[in-house]
Amino acid sequence: MLDIQLLRSDLPLVAERLVTRGVTLPVERIQALESERKATQTRTQDLQSQRNSHSRAIGEAKKEGENAQPLMEQANAINAELEACAARLERCQADLNEILLGIPNLPQAGVPVGGSAEDNVEVRRVGEPRAFSFKARDHVDIGEGLGLLDFAAAVKITGSRFTLMTGPLARMHRALAQFMLDLHTSEHGYTEIYVPYLANAASMRGTGQLPKFEEDLFGVPRGDEEKLYLIPTAEVPVTNLVRDEIVAPERLPLRFVCHSPCFRSEAGSYGKDTRGMIRQHQFDKVELVQMVPPEQSEAALEQLTGHAEEVLKRLELPYRVMALCTGDLGFSAARTYDLEVWLPGQEAYREISSCSNFEAFQARRMQARFRNAKGKPELLHTLNGSGLAVGRTLVAVLENYQEADGGVRVPAALQPFMGAMTRIPPAR
RNA sequence: GGAGAGGUGGCAGAGUGGUCGAAUGUACCUGACUCGAAAUCAGGCGAUAGGGUAACCUAUCCGUGGGUUCGAAUCCCACCCUCUCCGCCA
């Protein structure tokens, strides 16, 4: 959510900055609502003030034993107008609020301007794609060839877009998550956190999944009780930790790392990435979340992106860093870097992490604050990034470490987490 | 699932339908005392929104939402949450 004050004070500027995101603000409607709001609010408060002073006078008159009847009649007249006025104000503010909730974050200065993913800018490229002496297969062929990856079984148990792994492959999946958690907690200063995998609507609103993106979520009805949602990312429970809180300044910056499953309905992605485990309804992710004072958030994004990159470096996977352009930014983000890992099976770089600075956009709708140097509550800045998506990392390892005979080498960094295993041998 | 207790400022904790944004304590800030600190004393100290160049003024907020009333932290209704005990349970 943007700062309503900014909309009031400089609406044309806001509209101009949103054009780069391909968003057109209903400027005239906002201005009309805003001037009505102003007039109605002033009038309402004036009437409330009159009512209050009449009520006080009635109290005193009664205490003195005087006749309060005329005063009470006046109060009734005030209340009649007040009721109508207050209702108009409420409608007006609800309309404004609805518009406000639908407005995405403003891109930071320096974010490349562009309309789609085509216009994203490569910031750096790390590692050389390996030259294969044989035709590189994709992870589906490799995993099924090993007899350890079984999409058919997942379809039988649940349906499409789910995965089933067994044996060393399941272990490698677990090892990847352990490796990432250990790296971020012991070397990057994050606190490991375990959270609920179901969240309520208030939390989903806090991080911006609701009200606009309900169709992307899995809902869990509970009879008469409020519906819950399966988390689409650990960002939701972790960031909502500070919802409606005023954090003591000495606790900042807050840095959390959380391994969790993620559930996405992938509405609107029919036909995309239907093969393999690139786009699933359920996948594991190790998420990095930071809450920092505003002046630190830009540096924190660079740092957090580096933390995610470190995973790829240690696994010796070639990747590149993309700065998302204005048209490709997520709804809540002010700046985003995507990490794209090289997948020999697709001969393409594919997204494996997305690191964003949300500035105060999430914090404002969550009322997540800290006490600043003056002792006043001030909105935090929130950031998060995948460090990394576990399933996609497994895909990258399989494809980059495959061997001619169908076996897969285990990256050196991962071996301590796999009982010193150096290789998953081909099926016999 | 059954029974009971309770939700008030950063925390603890009073509160009679009107003078209650709310006693008191504590934390915090400022000042005095001190070489300095502690202790003590004095003063200050909620949030949000609106109006105003500003000093300042106004409104709203006592779990949430309704209701009664000229007026609600206080009365009524519904809901949510927390805690205690019992039952069940990995």
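Throughout, a chain's letter reflects where its sequence line sits, starting with A, and its residues are numbered from 1.
A straight line from CD of A:Gln50 to C1' of B:C70 spans 14 Å, rounded to a whole angstrom. Summarising the geometry, the separation between CZ on A:Arg369 and C1' on B:G46 is reported as 10 Å, rounded to the nearest angstrom. Computed from coordinates, the A:Phe370 CZ to B:G10 P distance equals 17 Å when rounded to whole Å.
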Canonical and wobble pairing (Watson-Crick, G-U, under 3.5 Å) of RNA chain B, dot-bracket with |: ((((((((.[[[..)..(.....]]].(((((.......))))).((((((....)))))).[[[[[..)....]]]]])))))))....
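Comparing the same atom, P, in B:U26 and in B:G17 gives a spacing of 30 Å after rounding to whole Å. B:A14 sits 16 Å from B:G6 when the C1' atoms are compared, rounded to a whole Å. Comparing the P positions of B:C75 and B:G7 gives a spacing of 12 Å, expressed to the nearest Å.
By the neighbour-count criterion of 12 heavy atoms within 6.0 Å, atom CD of A:Glu83 is sparsely surrounded, having that number or fewer from other residues, nucleotides or ligands.
For RNA chain B, the neighbouring residues in residues 26-49 of chain A, judged by any heavy atom under 4.0 Å, are A:Arg37, A:Lys38, A:Gln41, A:Gln45, A:Gln48, A:Ser49.
Checking the phosphate oxygens (OP1, OP2) of B:G46, no side-chain nitrogen or oxygen of A:Arg371 falls inside 4.0 Å. Residue A:Asn52 places none of its side-chain N or O atoms closer than 4.0 Å to OP1 or OP2 of B:G71. Distances shorter than 4.0 Å separate none of the side-chain N or O atoms of A:Asn79 from OP1 or OP2 on B:U69.
Contact check on A:Arg51 versus A:Asp46 returns no salt bridge, with no Lys/Arg side-chain nitrogen under 4.0 Å from an Asp/Glu carboxylate oxygen. A salt bridge links A:Lys285 and A:Glu287; the closest N-O separation between the charged side-chain nitrogens and carboxylate oxygens is under 4.0 Å. For the pair A:Lys272 and A:Glu266, the salt-bridge criterion is not met [side-chain N within less than 4.0 Å of a carboxylate O]. By the 4.0 Å N-to-carboxylate-O rule, A:Asp284 lies too far from A:Arg174 to be salt-bridged with it. Under a 4.0 Å N-O distance rule, the pair A:Glu310/A:Arg314 qualifies as a salt bridge.
Residues forming a salt bridge (charged side-chain N to carboxylate O under 4.0 Å, His left out) with A:Glu90 (at least two apart in sequence, or on another chain): none.
Nearest-nucleotide mapping onto RNA chain B: of A:Gln367 and A:Arg51, the residue sitting toward the 5' end is A:Gln367. Of the residues near RNA chain B, A:Asn76 and A:Arg56, the one whose nearest nucleotide (by heavy atom distance) lies more toward the 5' end is A:Arg56.
Here the two rings, on A:His281 and A:Phe218, have centers that are under 6.0 Å apart.
Distance alone, capped at 3.5 Å, places no donor-acceptor pair between the A:Arg243 side chain and the A:Gln367 backbone.
Across all strands, A:Gln93 comes closer than 4.0 Å to no nucleic acid atom at all (heavy-atom distances).
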